[in-house]
Student: 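If you scroll down you'll find the structure; I have some questions about it.
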Amino acid sequence: MHTQAAKTNGRPAGWKREFGGKLSIILGKDGVIYAEDELIAYDCDALTGYRIKPLFVVLPKTTDEVSRVLRLCYEEGVPFVPRGAGTGLSGGALPTEEGIVISLARMNRILEVDIPNERVVVEPGVTNLSVTAAVSAYGYYYAPDPSSQIVCTIGGNVAENSGGVHCLKYGVTTNHVLGLEVVLPDGGVITTGGKSPDHPGYDITGLIVGSEGLLGIVTKVTLRIVKKPETVKTLFAAFDRIEDAGASVSGITARGVIPAGMEIMDSLCIRSVEEAVHAGYPVDAGSILLVELDGPAAEVEAQMPIVEEVLKGHNANEIRIARDARERDLFWKGRKNAFPAMGRVSADYYVQDGVIPRSKLAEVLGRIGELSREYGLSVGNVFHAGDGNLHPLVLYNAKIEGEHEKALELAGKILGVCVESGGSITGEHGVGNDKKRFLPLMFDENDLDTMNLVRCAFDEKGLSNPGKVFPTPRTCVEQGTKPYREHPLQKAGMGEMF
Ligand SMILES: Cc1cc2nc3c(=O)[nH]c(=O)nc-3n(C[C@H](O)[C@H](O)[C@H](O)COP(=O)(O)OP(=O)(O)OC[C@H]3O[C@@H](n4cnc5c(N)ncnc54)[C@H](O)[C@@H]3O)c2cc1C
């Protein structure tokens, strides 16, 4: 574990006290956390292996307060880290030792519910599940549903472009965010997009969704909500071999059926989940595939036999369809509690997040099994199979010297396999602090420089969530006009640039 204390290197004596005083003029005394023991609560996100205490934590209540705090940071050159609920798994909300954390927890109001236009406008600290709660009575819901949805915030979802079990059919966060209000790192406030579906000019909304807090602080979000489907049917199929569950996923989509969600769990996860929440999963199965179909009743009735046929064709030895809403919720409760339930099997585990083309599921799962045997560490697999978004859970014992490092190495090798098979180093947990070293597996220097140009256009001083995402420190001073370098595809004679 790495723990660092806050720093005020190079600042005159008394600067920290004075700066804290300026913050409390903007936010009031109860809007700033100074006490060392209270700052501990903010020293990490859900990736708890890295901890840094910030100088202060501030809790603004309005866009104007966020703007004034960022203006002050800009004038004094103080870095800042936005924070929602701190459930991120890539160290995105990890503080910087010379800066402050800006918690959006108090900006948690639902500002507008506009049913005729199917829109909801919220502040960033609103939790994901509260959006659905606000519109449920009207027959609507908010589709992206990360497993952490009870606590994670819409601001965090926007920054990470979060996904969830129902994103296969309905799309991830970016497909549901229509407009934003953002405070830029110099304190300026911009609005992007809006309630209507298309806006002229650059798609700045699309740029900010998934930018991991590097372009400013999101203070207002316009979301699309969708009508609850007429019918929902959920089943799980049990298999001896996880490879068969994986092959069923592309088998189902190849038959023209796009379920609302398809999730796989391996035997290790099934057993721990069953012990924890008694979801009714068969504990002796090698793996299970959860499939949810939704839509008009006639469509779901027509699709169900196709799904069953594919599952049987891939050696499913049990298929159980939820009899009612209660049983359906139980099936999903099992899946959504898979990460915490793993705590029963192993005190320490590392959650990896990678993506592969779903047609490669069977092959990649086999490779993960080989790596697990090679390293002598168990790997639990629970994942959004329809999107090819893997979440291997690498189990280890932190008390055994060197095992944490070994687990990280194994998790890194899994990402290598994902990229080799045409996938990505992250599906939904973001790059943050943890994965920046893997970015060069996917991007060359030209690609990274281009991303940095965008960052510099928003944040020339590099104050917004510094040290995240980019593998090597890139400042905006050296950015300027870059000498042209050939792209690797050009060098290999496989492409031309016009
Ligand atoms: C048990 C568990 C299950 C999970 N399941 C899923 C899942 O199914 N799908 C999924 O996608 N993720 C999942 N996650 C990861 C995490 O919940 C998501 O990434 C979530 O979106 C983070 O939201 P948060 O409010 O906790 O953000 P934080 O962790 O506080 O912050 C995440 C990032 O967003 C930035 N940020 C936060 N608020 C703002 C803002 N207002 N403006 C600009 N930047 C901001 C932060 O700086 C940081 O970089 C899971 C995590 C856990 C612990």
Side-chain angles (χ1 to χ4, degrees), residues 42 44-48 54 57 60 63 66 70 79-96 99-108 122-130 144-167 172-174 177 180-185 208-221 261 263 332 335-343 349 351 353 355 382-384 387 389-391 393 426-436 458-459 464-469:
Y42 297 86
C44 68
D45 61 8
L47 184 74
T48 54
V57 174
T63 301
V66 175
L70 293 204
F80 59 87
V81 176
R83 181 182 172 103
T87 66
L89 287 162
S90 58
L94 180 73
T96 154
I100 61 170
V101 165
I102 302 183
S103 163
L104 283 311
R106 287 186 181 176
M107 293 183 68
N108 60 356
V122 300
E123 290 184 328
V126 164
T127 62
N128 174 295
L129 204 55
S130 311
D145 57 344
S147 304
S148 51
Q149 67 185 147
I150 301 175
V151 280
C152 69
T153 67
I154 291 296
N157 293 177
V158 168
E160 300 289 3
N161 190 18
S162 291
V165 296
H166 289 96
C167 292
V172 293
T173 302
T174 194
V177 173
L180 296 171
E181 177 185 80
V182 183
V183 181
L184 300 177
I208 287 170
V209 177
S211 63
E212 302 196 28
L214 268 68
L215 303 181
I217 296 197
V218 172
T219 45
K220 203 187 283 183
V221 190
E263 301 283 313
W332 282 120
R335 164 60 185 94
K336 295 206 174 194
N337 281 285
F339 289 5
M342 197 51 80
Y349 63 87
V351 183
D353 165 44
V355 183
V382 49
F383 53 95
H384 309 310
D387 298 322
N389 184 188
L390 305 181
H391 288 318
L393 305 165
T426 171
E428 53 185 21
H429 296 170
V431 178
N433 187 54
D434 189 41
K435 294 240 180 116
K436 53 190 183 186
F458 280 75
D459 183 17
S464 194
N465 213 1
K468 312 286 168 60
V469 179

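Since this is a predicted model, take the numbers as computed values, not measurements. Ligands are counted one by one from 1 in listed order, and the atoms in each one are counted from 1 as well. Computation of the quantities below employed the complete heavy-atom set of this structure, encompassing side-chain atoms and omitting hydrogens, waters and symmetry-equivalent molecules. We number each residue from 1, following the sequence as shown.
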Student: Below 3.5 Å, N or O to N or O, backbone or side chain included: is there any such pair between Gly86 and ligand 1?
Tutor: yes
Student: Are any side-chain N or O atoms of Asp45 and backbone N or O atoms of Gly92, one a donor and one an acceptor, separated by less than 3.5 Å?
Tutor: yes
Student: Ser162 heavy atoms, cut-off 4.0 Å: which ligand 1 atoms fall inside?
Tutor: 11 (O), 18 (C), 19 (O), 20 (C), 21 (O)
Student: With only distance considered, is Ser147 within less than 3.5 Å of ligand 1 through an N or O on each side?
Tutor: yes
Student: Within the 3.5 Å criterion, strictly below it, is a donor on Asp353 or Thr426 matched to an acceptor on the partner's side chain?
Tutor: yes
Student: Applying a heavy-atom cut-off of 4.0 Å, say which part of Glu160 lies close to ligand 1: side chain, backbone, both or neither.
Tutor: side chain
Student: N/O of Ser148 under 3.5 Å from N/O of ligand 1, yes or no?
Tutor: yes
Student: Applying side-chain hydrogen bond (donor to acceptor under 3.5 Å, both in side chains), run through His391 and Glu263 and close with a yes or a no.
Tutor: CA-CA 11 Å; His391 288 318; Glu263 301 283 313; over 6 Å; no
Student: Should Pro124 be counted as touching ligand 1, given the test is an N or O pair under 3.5 Å?
Tutor: no
Student: Based purely on interatomic distance, does Gly163 place a nitrogen or oxygen under 3.5 Å from a nitrogen or oxygen of ligand 1?
Tutor: yes
Student: Examine the proximity of ligand 1 to His384 and report which part, side chain or backbone, both or neither, has a heavy atom under 4.0 Å away.
Tutor: side chain
Student: Please state which option from Gly213, Pro146, Pro340 has its nearest heavy atom closest to atom 44 (N) of ligand 1.
Tutor: Gly213
Student: Distance under 4.0 Å to a non-hydrogen atom of Asn465: what atoms of ligand 1 satisfy this?
Tutor: 47 (O), 49 (O)
Student: Which of the atoms of ligand 1 are close to Leu104, meaning less than 4.0 Å from one of its heavy atoms?
Tutor: 41 (N)
Student: Could you tell me whether Gly88 and ligand 1 have an N or O pair separated by under 3.5 Å?
Tutor: yes
Student: What verdict does the side-chain contact (heavy atoms from CB on, under 4.5 Å) test give for Asn157 and Cys152, after you've listed the backbone C-alpha separation in whole Å, the side-chain angles of each residue and the deciding distance to 0.1 Å?
Tutor: CA-CA 7 Å; Asn157 293 177; Cys152 69; 3.3 Å; yes
Student: Which ligand 1 atoms does Gly155 reach within 4.0 Å, using its non-hydrogen atoms?
Tutor: 38 (N), 39 (C), 41 (N)
Student: Would you mind listing which atoms of ligand 1 come within a distance below 4.0 Å of any non-hydrogen atom of Gly84?
Tutor: 25 (O), 28 (P), 30 (O), 37 (C), 38 (N)
Student: When you look at Val66 and Met107, which way does the side-chain contact (heavy atoms from CB on, under 4.5 Å) test go after all the steps?
Tutor: CA-CA 10 Å; Val66 175; Met107 293 183 68; 3.8 Å; yes
Student: With side-chain contact (heavy atoms from CB on, under 4.5 Å) as the criterion, how do Ile102 and Leu70 come out once you've worked through the C-alpha distance, each side chain's angles and the decisive distance to 0.1 Å?
Tutor: CA-CA 9 Å; Ile102 302 183; Leu70 293 204; 3.4 Å; yes
Student: Heavy-atom contacts with Cys152 under 4.0 Å: which atoms of ligand 1 show up? List them by number with element.
Tutor: 17 (O), 20 (C), 23 (O), 25 (O)
Student: Using a 4.0 Å heavy-atom threshold (strictly under), name the region of Pro82 that reaches ligand 1: side chain, backbone, both or neither.
Tutor: both
Student: What's the verdict on side-chain contact (heavy atoms from CB on, under 4.5 Å) for Lys468 and Leu94, showing C-alpha distance, side-chain angles and the deciding distance?
Tutor: CA-CA 9 Å; Lys468 312 286 168 60; Leu94 180 73; 4.2 Å; yes
Student: Looking only at N/O atoms, are Ala46 and ligand 1 under 3.5 Å apart anywhere?
Tutor: no
Student: Quick check: Val81 and ligand 1, any N/O pair under 3.5 Å apart?
Tutor: no
Student: With atoms numbered from 1 as shown, which atoms in ligand 1 lie under 4.0 angstrom from a non-hydrogen atom of Gly216?
Tutor: 43 (C)
Student: Any donor-acceptor pair under 3.5 Å linking the side chain of Glu212 with the backbone of Gly432?
Tutor: yes
Student: Give the single entry among Gly92, Ala85, Pro144 that approaches atom 48 (C) of ligand 1 most closely by any heavy atom.
Tutor: Gly92
Student: Short list, please: which atoms of ligand 1 are under 4.0 Å from a heavy atom of Ala159?
Tutor: 34 (O), 35 (C), 36 (N), 44 (N), 45 (C)
